[in-house]
Protein chains: 2
Amino acid sequence: MADEKPTRRRNAEETRSAILASARRAFAESGYDGAGLRGIAEAAGVTAMMVGRYFGSKEQLFAEVVADTMRDPVILSADNLGSPQMAREFARALVGLSTPGQAVLDGFRVMWASGGSEVAARIAREQIRTVHHATAEGLVRGDHAPERAAILLSLVAGVQLMRQQIGLPALADADPEVLAGLLEPVIAVVLGVA
Amino acid sequence: MADEKPTRRRNAEETRSAILASARRAFAESGYDGAGLRGIAEAAGVTAMMVGRYFGSKEQLFAEVVADTMRDPVILSADNLGSPQMAREFARALVGLSTPGQAVLDGFRVMWASGGSEVAARIAREQIRTVHHATAEGLVRGDHAPERAAILLSLVAGVQLMRQQIGLPALADADPEVLAGLLEPVIAVVLGVA
DNA sequence: CTTGCAAGTCTACACTCGTATACTTATATC
DNA sequence: GATATAAGTATACGAGTGTAGACTTGCAAG
């Protein structure tokens, strides 16, 4: 057989994903402007220049990070669309009690971290529109689906922001079960499955 | 009479508030890191050094801007506490159909703009806790008031973020009356006045 | 073993940031 | 009108940023 890539010389693929993971963490923690390429590279075990080699620019790196977190636009399985059960599952996912859609929740952290940077905001905007479209088509039913999907995303973004970034005690330290119980009827109203 | 301050020499007070207003706009637009002292000063008609003279440092300037937007922690008048009417007024205020609490809504824009900056995040955190406390005490009734107040603030922050910063079309371009109509029952559930 | 080429590093450049010091200008009082 | 003083400006510095080009090193094939 040809065996074109037997062991990976100095591990190009692995380095690339290491940079991506490091960047994701750095952007979520320090924001687009706050995270430096030198720090991202160092955490990945390489030099800052490798970032430029692999991703072209900081802007493109951020775009790839955001796209990576949003890779799975389906927040919930489509098993129980339109049922009250959906609101419960959504609420539990939002407070971290279930795993599906965690990548998307991470994505909101990254996007919030975009701060006011022009390029970061543009990238975040495009990704959010994609997610919004998927949500409006796949999750929300009835009248004003786009608007209700947008309200749902706003709630998700706001809760993530307050929990993860601000660390508002009433949300960050609260019992997830209690939070899920409080969020469920709210989400049900938004989804129109109350 | 003494007439201690007849016409104000070169208008110290006015310059100070001009810088404050300019900073508020710049922070909301470009974020804490993105907004530069030179740009803020230029928009206020002075040099960058005046900012240092009047506020000491960029960090202190930001703190004062945030405190300024949060000066009025009462989002709504306490006239109809606990009535379903309250949810309606709150919803209309949130989409800009009524004026009360607009400063606080601006505040969430400024705070989102804090991005991942350490100092900005800390300042935003403190202010949000103050508002949260006021909300939990004055607006929300019943069980789990702190948690429900936090969910309400999350919704406010998320909607502001999506409308003003991201510019999600479904929210930014939608008819405010429609949006208010959709938000009203959601807020009613959060407030427990449904 | 030699050689080609990708993987990775070093050094440096142009730029912007926040801030400090020294200077200039306008205003109000004597 | 002279003068003290606050308001405002000019210049510059050191640090940190993203990025570019030349260099070095390791791996795999001839």
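A, B, ... follow the sequence lines: proteins, then strands. Residue 1 opens every chain. This is a predicted model, so every value here is computed, not measured. The figures here come from the full heavy-atom set of this structure, side chains too, leaving out hydrogens, waters and symmetry mates.
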Set of residues satisfying side chain to side chain contact (heavy atoms under 4.5 Å, CB included) with respect to Ala26(B), sequence neighbours excluded: Ala35(B), Ile40(B)
Between P of dA6(C) and CD of Glu13(A), the distance in whole Å: 16 Å
Parallel, tilted or perpendicular: ring planes of Phe62(B) versus Tyr32(B), cut at 30 and 60 degrees: perpendicular
Bending between helix ends of the helix from dC1(C)-dG30(D) to dC30(C)-dG1(D) [5 pairs per end, 10° resolution]: 0°
Test salt bridge (charged side-chain N to carboxylate O under 4.0 Å, His left out) applied to Arg148(B) - qualifying residues, sequence neighbours left out: none
Qualifying salt bridge (charged side-chain N to carboxylate O under 4.0 Å, His left out) pairs with a residue from residues 176-194 of chain A, counting only residues at least two apart or across chains: Arg92(A)-Glu177(A)
Tyr32(A) OH to dT17(D) P, straight-line distance once rounded to whole Å: 14 Å
Nearest-Å distance for atom pair CD/P, residues Glu59(A) and dG18(D): 13 Å
Under the salt bridge (charged side-chain N to carboxylate O under 4.0 Å, His left out) test, residues paired with Arg38(B) that sit two or more places apart: none
Partner of Leu161(B) under side chain to side chain contact (heavy atoms under 4.5 Å, CB included), chosen from Leu171(B), Ile166(B), Leu168(B): Ile166(B)
Salt bridge (charged side-chain N to carboxylate O under 4.0 Å, His left out) partners of Arg163(A), counting only residues at least two apart: none
Sub-4.0 Å heavy-atom contacts from residues 42-56 of chain A onto DNA chain C, ordered by number: Val46(A), Thr47(A), Met49(A), Met50(A), Arg53(A), Tyr54(A)
Candidate pair Leu153(A) and Phe108(A), rule side chain to side chain contact (heavy atoms under 4.5 Å, CB included), full reasoning: CA-CA 10 Å; Leu153(A) 288 185; Phe108(A) 281 106; 4.1 Å; yes
Nearest to side-chain heavy atoms of Leu37(B), which nucleotide of dA7(C), dA7(D), dT19(C): dT19(C)
Asn11(B) CG to dA7(D) P, straight-line distance once rounded to whole Å: 10 Å
For nucleotides 13-15 of chain C, which of its nitrogen or oxygen atoms have a protein nitrogen or oxygen under 3.5 Å away, and what is each distance?
none

Non-neighbouring partners of Pro185(B) that pass side chain to side chain contact (heavy atoms under 4.5 Å, CB included), sequence neighbours left out: Val189(A)
Close residues, residues 14-25 of chain B, relative to DNA chain D [heavy-atom separation under 4.0 Å]: Thr15(B)
Residue pairs fulfilling salt bridge (charged side-chain N to carboxylate O under 4.0 Å, His left out) with at least one residue in residues 47-66 of chain B, sequence neighbours excluded: Arg16(B)-Glu64(B), Glu59(B)-Arg122(B)
Leu61(A) CG - dT17(D) C1' separation (whole Å): 15 Å
Side chains of Leu94(B) and Leu179(B) in contact at under 4.5 Å (non-hydrogen atoms): no
Side chain to side chain contact (heavy atoms under 4.5 Å, CB included) partners for Ala170(B), two or more places apart: His132(A), Pro146(A), Ala150(A)
Separation of atom CG in Asp33(A) from atom P in dG18(D), rounded to whole Å: 9 Å
